[in-house]
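Values below: every heavy atom of this structure, side chains too, minus hydrogens, waters and symmetry copies. As the structure lists them, so they are numbered: ligands from 1, and atoms in each ligand from 1.
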Amino acid sequence: MQVHNLIGIGFGPSNLALAIAIEEKRPSGRPIEAMFIEKQPGFAWHKDMMLDQAHMQISFLKDLATLRNPTSRFTFVNYLHEKQRLQDFINLKTFFPSRREFNDYLGWAAAQFDDICAYGEEVVEVLPEKSGREVALLRVRSRDGAGQVHERLARNLAIGIGGAPNIPDCFRPLRDDPRVFHSSRYLGEIARQSGAGRIAIIGAGQSAAEIFMDLQGRPGAPKVDLIMRARSMRPSDDSPFVNEIFNVDFTDYMYSRPDKERAALIEEFWHTNYAAPDLELVQQMFKILYEQRVSGEERVRFLRRHDVRSVRAAADGIHLTLLDLNAQRESTVRYDAVVLATGYSRERHKALLGPLAPYLGAFTVDRHYRLQGTPDFRPSVFLQGACETTHGLSDTLLSVTSVRTGEIGAALLGAHAARSSAEEEAEEGRAVRI
Ligand SMILES: Cc1cc2nc3c(=O)[nH]c(=O)nc-3n(C[C@H](O)[C@H](O)[C@H](O)COP(=O)(O)OP(=O)(O)OC[C@H]3O[C@@H](n4cnc5c(N)ncnc54)[C@H](O)[C@@H]3O)c2cc1C
């Protein structure tokens, strides 16, 4: 069995940018051989939120490469050039391409790594592979669509698996009910709800706002309730001084602060990224509510300061018991479908790495996003998108992805150089016997 220098789990923008960073580091040192495993059958970026009107919430200059290497052939500008759209894009006068176009850019870049990505396999487990008293390698176990299990060996790992849908406790028992689904499955699931006359959206962030606009704009639009605990919908603040927290050097500052200060920074700027749609979207929603008051026909409602207290599934629909937090009054409303725009959690890597827990302690990372292991644990395991508490709010976004992957690439080269060729040959020999 071949021993890979690096296996990347997930092939979204984070690990795709890492593939590019590694590719571009090749001329400067010993090449790092890498392969990636992606559970989707082909490259796709948040495909069930690929809404017609959606656009990027970040400048195209924060693409897969530019901030790390503006001369890279994987920049968004080069993509436009190759697609012969550069001049037309300039005439659009925007920093924010449509989400559809950015997805096409990502897919164009990913296609250049087809030979090193195994699509259609979900990694289910990572196991320690011991040599004497040390963990020398990692055994990565994945399952394909036909249920077949695959195993591969790696010296190092990069985990870029994105977030797991956050499902509020009261909705958990309805996990298998097709009428209740998370925003991450929106387009696929809403297509199955064609007869739904009344839909609830839970949440107050960008996804909730986009889904609200999408539903109300559909032919034969359903009645929609947007249910949120907040007093009002706040727009995200992307003004220039605030936006500095997404700068590359802010990661150094954030990482250097004590835990308490980091937590305070995240709290202070939380609304730049969470529960805060674009101002333009907020204005569009307000206009719809205003026009409804003019027409006198109530089709959409904003149920602010409302908390979902309990949920009951019945043949005629999903019944939500809502507490009006202002009036302290409960009411029960029936819906044909409920969309949970309730965000993501970033803890999934812990389950995947469960068998390595004895070596990884509290799952803390160093500045290079590498999990700190016990002295007898030799592989480097890097986390992408799961280090917000230590590296800042930019961690789950695209803001620093290109630079972060350059840093991980450099750390990998260091780890690679520290393992002599003789050691690697011995590992290959052992692996063949496994
Ligand atoms: C709808 C939406 C729009 C967004 N828009 C923006 C934006 O405009 N700007 C911005 O900065 N950020 C945006 N974000 C934030 C988003 O996190 C980043 O854009 C980006 O997707 C992060 O890339 P990633 O590779 O870390 O994670 P993901 O894009 O989530 O990719 C993770 C990949 O890992 C795969 N995977 C997961 N588990 C496994 C497994 N066990 N085995 C194999 N493969 C696995 C998944 O299938 C997926 O392809 C958006 C998020 C959403 C949900």
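- Numbered from 1 in the order shown, with element, the atoms of ligand 1 that lie under 4.0 Å from a heavy atom of I37 read 43 (C), 44 (N).
- Side chains of L187 and L51 form a contact here, defined as non-hydrogen atoms less than 4.5 Å apart.
- To the nearest 0.5 Å, atom CD of residue Q283 and atom CG of residue D278 are 10.5 Å apart.
- Using a 4.0 Å cut-off to heavy atoms of S14, the atoms of ligand 1 that qualify are 23 (O), 24 (P), 25 (O), 26 (O).
- At a cut-off of 3.5 Å, with distance as the only test, no side-chain donor of S236 or D238 sits close to an acceptor on the other residue.
- The distance from ligand 1 to the heavy atoms of E121 drops below 4.0 Å at these ligand atoms: 43 (C).
- Protein heavy atom at the shortest distance from atom 35 (C) of ligand 1 is E38 OE1, 3.2 Å.
- Listed by number with element, the atoms of ligand 1 under 4.0 Å from a non-hydrogen atom of M56 are 7 (C), 8 (O).
- Nearest non-hydrogen protein atom to atom 12 (N) of ligand 1 is L397 CD2, 3.6 Å.
- Using a 4.0 Å cutoff on heavy atoms, G385 does not count as a contact of ligand 1.
- For Q193 and E189, the side-chain atoms include no donor-acceptor pair closer than 3.5 Å.
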- Message: Evaluate R141 against E151 for salt bridge (charged side-chain N to carboxylate O under 4.0 Å, His left out), listing each step before the verdict.
- Response: CA-CA 5 Å; R141 197 169 275 164; E151 290 196 344; 2.5 Å; yes

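- If you look at H46 next to ligand 1, the close heavy atoms, those under 4.0 Å, all belong to the side chain.
- Closest to atom 20 (C) of ligand 1 among all protein heavy atoms lies W45 NE1, 3.7 Å.
- With a heavy-atom cut-off of 4.0 Å, F102 does not touch ligand 1 at all.
- Between F60 and Y105, the distance from one ring center to the other does not fall under 6.0 angstrom.
- Less than 4.0 angstrom separates some heavy atom of T396 from each of these atoms of ligand 1: 15 (C), 16 (C), 17 (O), 18 (C).
- Compare S399, G12, G120, P13 by their heavy atoms: the one nearest to atom 23 (O) of ligand 1 is in P13.
- Expressed to the nearest 0.5 Å, how far CD1 of I199 lies from OH of Y335 amounts to 11.0 Å.
- The aromatic ring centres of F113 and F74 sit less than 6.0 Å apart.
- Residue R152 is tested with H4, E121, Q2 for a side chain to side chain donor-acceptor pair (under 3.5 Å); the sole match is E121.
- Taking each of G10, G343, S184, P97 in turn, the one with a heavy atom nearest to atom 34 (O) of ligand 1 proves to be G10.
- Inspection of the D395 and Y369 side chains reveals no N or O donor paired with an N or O acceptor under 3.5 Å.
- Using a cut-off of 4.0 Å between Lys/Arg side-chain N and Asp/Glu carboxylate O, R218 and D214 are scored as salt-bridged.
- Listed by number with element, the atoms of ligand 1 under 4.0 angstrom from any heavy atom of M49 are 1 (C).
- Taking a 4.0 Å cut-off on heavy atoms, K62 fails to register as neighbouring ligand 1.
- Counting the atoms of ligand 1 from 1 in the order shown, those under 4.0 Å from a heavy atom of Q40 are 47 (O), 49 (O).
- In this structure, F212 has its ring center under 6.0 Å from that of F302.
- In terms of modelled atom types and a separation under 3.5 Å, the side chain of R348 and the main chain of I161 share a donor-acceptor contact.
- Residue, atom and distance of the protein heavy atom nearest to atom 40 (C) of ligand 1 are V123 N, 3.7 Å.
- A cation-pi geometry, defined here as NZ or CZ lying under 6.0 Å from the six-membered ring centre and within 45° of its normal, does not hold between R262 and Y253.
- Among L51, I58, L18, N103, the residue whose heavy atom lies closest to atom 9 (N) of ligand 1 is I58.
- Among all protein heavy atoms, the one lying closest to atom 8 (O) of ligand 1 is Q57 N, 2.8 Å.
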- Message: Set out, in order, the CA-CA distance, both residues' side-chain angles and the distance that settles side-chain hydrogen bond (donor to acceptor under 3.5 Å, both in side chains) for N78 and T75, then state yes or no.
- Response: CA-CA 5 Å; N78 187 45; T75 63; 5.4 Å; no

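- Comparing heavy-atom distances from atom 45 (C) of ligand 1 across Q384, R348, K47, K39 singles out K39 as nearest.
- Using a 4.0 Å threshold on non-hydrogen atoms, atom 14 (N) of ligand 1 does not count as touching the protein.
- Of the protein's heavy atoms, I161 CG2, 3.7 Å lies nearest to atom 39 (C) of ligand 1.
- For the pair F43 and ligand 1, no heavy-atom separation below 4.0 Å is found.
- Remark: minimum distance from atom 11 (O) of ligand 1 to any protein heavy atom is reached at L398 N, 2.8 Å.
- Of the protein's non-hydrogen atoms, the one nearest atom 27 (O) of ligand 1 is G162 CA, 3.4 Å.
- Annotation for ligand 1: atoms under 4.0 Å from non-hydrogen atoms of G160 are 32 (C), 33 (C), 34 (O).
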